[in-house]
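Below is one structure, written out as structure tokens; comments come after it.
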Amino acid sequence: MTTRTTLALLFAAAGLLSACGGSDDNKPATVTTVTDPDTVADQRASALVAQMTLDEKIQLVHGVGTQTGPLGGAGYIPGIPRLGIPDYYTADSATGVYQAKNGVTVDNGATAMPSNIALAASWDTQLAYNYGSQIGKELRTIGYTEGLGGGVDLARELRNGRIFEYMGEDPVLAGYLIASRTTGTQDQKVVATIKHFAANDQETNRFTSNSIIDERTLRELQLLPFEIGIKQGKPGNVMCAYNLLNGIKSCENTYLLTDVLKTEWGYQGKVQSDWFMALTDTVRGANAGLDEEEGGSTDDSAGFYGVPTFFNQKLKAAIAAGTVPLSRLNDMVQRKLRTMIRLGIMDSPAPLGGTIDQAAGDVAAKAAAEQSMVLLKNATPAGATTPALPLNAATIQRIVVIGGHADVGVMAGGGSALTPPRGGNAVTCLNPAAMIGGQVTGCATWYKSSPLDAIKAKAPNATVTYLDGSDAAAAATAAANADVAIVFGTQWETEGGDLASLSLPDAVADPANQSYDQNALIAAVAASAKRSVVVLESGTAVTMPWVNNVHSVLEAWYPGTQGGAAIADVLFGTVNPSGKLPITFPVNDTDQPQKAISSTDLNVVYSEGLNMGYRWYDSQNITPLFPFGHGLSYTSFAYSGLTTAVDANGNLTASFTLKNTGLVAGAEVAQIYAALPAAAGEPPQRLIGWQKVQLAPGASTKVTVSATAERLAIWDITLHQWRIPAGTFSFTVGGSSRDPLALASKQAFAGKVLALTH
Ligand code: BGC
């Protein structure tokens, strides 16, 4: 049978071509046109698979190396021109396009957006869409098919070196944000990734650690952001993680990849291995549901990092031996092709080598940074009548800016989530170990976006001086002589290592200098300043032994390529801060459920069960430094008139009135938490919905927040299904998880088992 015949038969069988036949020859043939884009994509993909040789199929399911191919980047899979299948180029894109070729980073002008934890702090799904869309546009401009952003592992362990790449500690917040980010990217005809599936919550022993998690905790916490993100965002790619989950490598885990992801959640895209040691066995990986091996190499015996490639000749041999069914290989290919067709990539592959619109990128990066900064504290200095922030350029005469290399730039997180800095690193790294206080080794990157210059531009009539922070006594004297002292504290995170502590590490002012103690610097400045403001550039929570002695603390995260200007906008009130914490800031490291990260015990036991993140602090009655959901504004808000209703299916509607009771316009993230009936055995409260509302001074509005039934459900370990428990639910609405002014409302519900939906 020729290929052409095969194709025609296939289409006919699928009802795509006219269906002839029937007994009445006089009737015109009925033409059934399939229009559903998913069905069309599936049918076109299976027609292509039917035409492919075994070698061609094998070619499509493994990368041929990291930083290779015409574009460089994380991965490359050559296409099949005879079938119109284009080359497949993959780049890291957690914060922006990371292009590197043969070990050399390409300065392609890509925009560095703020880190993902910053995006999560915006609590803004539209912003998440824009963020994904901006990165998607730039990926496609360069020529990439797929972006590897989209980290959504939960912040169980705040010292995890990749917290800055993720979306915080709450599964619902993280899930909805990652769904929007995914849609934003895929609307640009670029395959989006959600990773690292699953429970990849620390970097220590990252290839071999074993996350041990009971079924209910796994479903209600670690898998839930993936479930929401994948069902709603429909990514073309899910990257499975390096770690083991309950004793089985994530990328060889049938329960995870097939039973839950593909069968239960109805996931149609492909599963891709993380890069180096995620896959250890061809048959186990293939039969568990892995669809693509990365990074891979052309060398089957020892590729990148000396790791053999499993989905090349070894897979071909397994197919020949029957240990991996051919249907499984066909499915691997089908999943890749259907996404390429569905997103329009097959018919319109990205041309290579376009020019990034940096000005447009800057606008997007600045907007994201401004909406993500969290004002943690803002006290009124002695003798003053208003809080320390915002600064008033008309009255301030002397400003001293101290530390954090704020004269030249803002810090970025490291590893594959870095977007290479346009025009190089603003800070020369001569002393990698000391540079970052010796917690992890490497060189931190600073983007050339100077907070000092931006502050000077805001206050043209003030005298603005800069001290590098290495001399605490000199900084204290300068602070005493200024109207305001702004100290920058930095904490660097990178893939591949965890933080020793959440305490600000020692920092190095210039590479030749000895390191200095950032906490001592802040304490010294606080002791003498009339008005002290701390700006933090961090990827996770920071402990603050000096918090009671400073007036204001602004968490700027790693704010991206426009960070300097965004920080100045918030300090001077051009932008009213509206970010809210997506993680709890504890007083001490050991307030966390996991007291320390073991470097020797590979078993990471999630013994806190459901009590993770704010659920832990709530259940243990531990007062955090700053609670989940916290964030101040330059205005104030009042909530009134909460009413709630739960319909027969368990869907909740909450309505209330929100008023801006202050003097300036501002946005409030109104958060709804639910306390489940006591018999359900849940932590005291969970976030079920929120809305970010912008209000003019004095204005008020009625806000309605809806939450689907799943948000009230628990995972039933007998039924292996979501179930809403019977009993009385309590709901609160407020401006944080511990807002003393939160309003409460109660609802009784009869209980319900939820159908499994895709
Ligand atoms: C990381 C992934 C990343 C990949 C490619 C891995 O080490 O865990 O997040 O996408 O490298 O650079």
Side-chain angles (χ1 to χ4, degrees), residues 62-69 71-77 88-106 110 115-117 135 139 144-153 160-167 178 181-182 185 190-209 211 226 229 235-245 249-251 270-280 290 292-297 303-307 309 413-420 440 442 493-498 539:
H62 68 96
V64 295
T66 300
Q67 301 187 3
T68 57
L71 269 187
Y76 170 50
I77 298 180
Y88 200 100
Y89 302 103
T90 297
D92 275 301
S93 58
T95 55
V97 186
Y98 193 159
Q99 186 179 13
K101 209 170 162 181
N102 303 321
V104 181
T105 298
V106 181
S115 55
N116 292 284
I117 189 84
I135 293 175
L139 282 163
Y144 286 106
T145 321
E146 174 179 286
L148 300 177
V152 77
D153 296 280
N160 172 4
R162 302 187 82 171
I163 293 291
F164 75 101
E165 294 188 47
Y166 300 142
M167 298 271 198
I178 199 68
R181 184 194 156 141
T182 301
T185 296
V190 171
V191 179
T193 300
I194 293 188
K195 69 185 186 184
H196 308 90
F197 195 55
N200 188 190
D201 298 331
Q202 58 193 52
E203 289 296 279
T204 303
N205 296 316
R206 66 174 176 154
F207 301 124
T208 48
S209 72
S211 301
F226 289 94
N237 191 39
V238 168
M239 187 191 293
C240 49
Y242 287 132
N243 58 286
L244 292 80
L245 174 65
K249 288 287 278 181
S250 295
C251 293
K270 69 182 165 77
V271 179
Q272 166 193 70
S273 70
D274 201 347
W275 249 243
F276 310 121
M277 307 196 191
L279 178 60
T280 59
L290 182 69
E292 176 190 304
E293 180 187 17
E294 289 288 1
S297 84
F304 210 74
Y305 270 56
V307 185
T309 300
S416 60
L418 176 74
T419 303
V440 279
E493 282 192 308
T494 185
E495 175 183 345
D498 294 318

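Remember, it's 1-based here, ligands and their atoms both numbered in the order they're listed. These figures come from a predicted structure and were not determined experimentally.
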Taking the side chain as everything from C-beta on, heavy atoms only, tell me whether [X] gets closer than 4.5 Å to [Y].
X      : Y      : result
His196 : Tyr242 : no
Glu292 : Ile77  : yes
Tyr166 : Asn116 : no

Atom pairs and distances, ligand 1 N/O vs protein N/O under 3.5 Å:
residue, atom, partner, partner atom, Å
ligand 1, 7 (O), Tyr242, OH, 2.7
ligand 1, 7 (O), Glu495, OE2, 2.7
ligand 1, 8 (O), Arg162, NH1, 2.8
ligand 1, 8 (O), Asp274, OD1, 3.3
ligand 1, 8 (O), Asp274, OD2, 2.6
ligand 1, 9 (O), Arg162, NH2, 2.9
ligand 1, 9 (O), Lys195, NZ, 2.8
ligand 1, 9 (O), His196, NE2, 2.7
ligand 1, 10 (O), Asp92, OD1, 2.6
ligand 1, 10 (O), Lys195, NZ, 3.2
ligand 1, 12 (O), Asp92, OD2, 2.4

Q: Starting from the C-alpha separation in whole Å, work towards a yes-or-no answer on side chain to side chain contact (heavy atoms under 4.5 Å, CB included) for Asn237 and Leu148.
A: CA-CA 9 Å; Asn237 191 39; Leu148 300 177; 4.1 Å; yes
Distance-only donor-acceptor hits, side chain of residues 98-106, under 3.5 Å, sequence neighbours excluded:
residue, atom, partner, partner atom, Å
Gln99, OE1, Asn108, ND2, 2.9
Gln99, NE2, Leu71, O, 2.9
Lys101, NZ, Pro70, O, 2.9

Q. CG of Leu418 to CG of Asp92: how many Å apart, nearest 0.5 Å?
A.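 It comes to 10.0 Å.
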